[in-house]
Amino acid sequence: MRALRLLTVTLQMGYRATGDAATLAEAVRLGRELLLLVPAGGARWADAVAQHARVVGDHYRHTNDRRDVDEAVDCGREALRHTPPDSEWLASRLDEFGLHLSLRYDVSGAATDLNAAIDASRGAVRATPPGLRTRRPTGPGWPVCW
C-alpha cells in the first residue's frame, strides 16, 4: 500500500511538472484503488484520503468536471473526520478543504460552500502554531512580495 500511495504522490508531482493529463488521470485512478485497500479510519486512512483530495482537486482544475471538486470536498471532509485535533496535519488539511470548498463555490454559487470555506480557513489559521504564522514561507511558488 505504501508503494501505491507514493506512486500516486509521484504521479501528481509529475503532472504538476509537465502538465501531462494522462499522468494525472493515472494518479486519480490509482488513488481510488488505494482507498479501497486502506482500512477506513485512523491515521493511514486520513493520509490516503487527504492525498486523494489533493489529486482530484488538481484533476478538477484541469478538467472543470464538477464531480472532481465534489469528490475533493468529500475526501477532505473525510480526512478531517479522522485527523486528531492535535495533529500536525490539521492546519494543512483545513486549508486544503477550504480551498476545495472555494473552488466548488465558484461553480455552485452556494453560500453554504463559501461559509464552510471561510470556517475551514479560519480553522486552519487557528490550528497553525504561532511560530509558523510569523515566518515568511520560502521556496518555489511563493511570491517575492509575501
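This structure is a prediction, so every number in the text was calculated from the model and none was measured.
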What pairs of donor and acceptor atoms, side-chain ones from residues 106-113 against any protein atom, are under 3.5 angstrom apart with sequence neighbours left out?
residue : atom : partner : partner atom : Å
Ser108  : OG   : Arg104  : O            : 3.1
Ser108  : OG   : Ala110  : N            : 3.0
Ser108  : OG   : Asp113  : OD2          : 3.1
Asp113  : OD1  : Arg104  : NE           : 3.2
Asp113  : OD1  : Arg104  : NH2          : 2.9
Asp113  : OD2  : Arg104  : NE           : 3.1

Determine whether Val125 and Leu94 satisfy the following criterion, side-chain contact (heavy atoms from CB on, under 4.5 Å), listing intermediate values before the conclusion.
CA-CA 9 Å; Val125 169; Leu94 282 164; over 6 Å; no
For residues 92-123, which residue pairs qualify under ring-ring contact (aromatic ring centres under 6.0 Å, His included), counting only residues two or more places apart or in two chains?
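Output for this query is empty, none listed.
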Going from [atom1] on [X] to [atom2] on [Y], what distance comes out if it is rounded to the nearest 0.5 angstrom?
X: Arg54; Y: Glu96; atom1: CZ; atom2: CD; result: 4.5 Å
X: Leu99; Y: Arg61; atom1: CG; atom2: CZ; result: 5.5 Å
X: Thr8; Y: Arg32; atom1: OG1; atom2: CZ; result: 12.5 Å

Side-chain hydrophobic cluster, 4.5 Å single linkage: members besides Tyr15:
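For the cluster that includes Tyr15, the remaining residues are Leu24, Val28, Val55, Val56.
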Other than Val9, what residues sit in its cluster of Ile, Leu, Val, Met, Phe, Trp and Tyr side chains whose heavy atoms are under 4.5 Å apart, directly or through others?
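Its cluster partners, ordered by chain and number, are Met13.
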In one Ile/Leu/Val/Met/Phe/Trp/Tyr side-chain cluster, 4.5 Å: Leu90, Leu101:
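Yes: a chain of side-chain contacts under 4.5 Å links Leu90 to Leu101.
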Linking I/L/V/M/F/W/Y whenever their side-chain heavy atoms sit closer than 4.5 Å, directly or via other members, would Leu35 and Leu30 fall into one cluster?
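Per the 4.5 Å side-chain linkage, Leu35 and Leu30 are co-clustered.
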Which atom of Gly57 lies closest to which atom of Ala72, heavy atoms considered
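Distance-wise, the nearest heavy atoms are N-CB, 4.0 Å.
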Do the side-chain N and O atoms of Glu71 and His59 include a donor-acceptor pair separated by under 3.5 angstrom?
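Judged by distance alone, the side chains do not pair up.
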Using a 3.5 Å distance criterion without hydrogens, assess whether the side chain of Ser87 forms a donor-acceptor pair with backbone atoms of Thr83.
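Checked: no pair found.
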Whether the side chain of Ser92 engages the backbone of Trp89 through a donor-acceptor N/O pair (distance < 3.5 Å, no angle test) should be reported.
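Yes: the side chain of Ser92 pairs with the backbone of Trp89.
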According to salt bridge (charged side-chain N to carboxylate O under 4.0 Å, His left out), does anything in residues 14-24 pair up with another residue at least two apart or in another chain? List the pairs.
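Residue pairs with at least one partner in residues 14-24: Arg16-Asp58.
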Can you sort out the partners of [X] under side-chain contact (heavy atoms from CB on, under 4.5 Å), two or more places apart, ordered by chain and number?
X: Ala91; value: Ala127, Thr128
X: Asp65; value: Thr63, Arg67, Asp68
X: Leu37; value: Met1, Leu4
X: Pro85; value: none

Using the test salt bridge (charged side-chain N to carboxylate O under 4.0 Å, His left out), find all partners of Arg5 that sit at least two apart in sequence or belong to another chain.
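Checked Arg5 against salt bridge (charged side-chain N to carboxylate O under 4.0 Å, His left out); zero matches.
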Could you give the side-chain donor-acceptor pairs of residues 39-50 under 3.5 Å, partners two or more places apart or in another chain?
residue : atom : partner : partner atom : Å
Trp45   : NE1  : Glu78   : OE2          : 2.8
Asp47   : OD1  : Arg93   : NH2          : 2.4

Among all residues two or more places apart in sequence or in another chain, which pass the side chain to side chain donor-acceptor pair (under 3.5 Å) test with Arg122?
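Testing Arg122 for side chain to side chain donor-acceptor pair (under 3.5 Å), a comparison that skips the adjacent residues, returns none.
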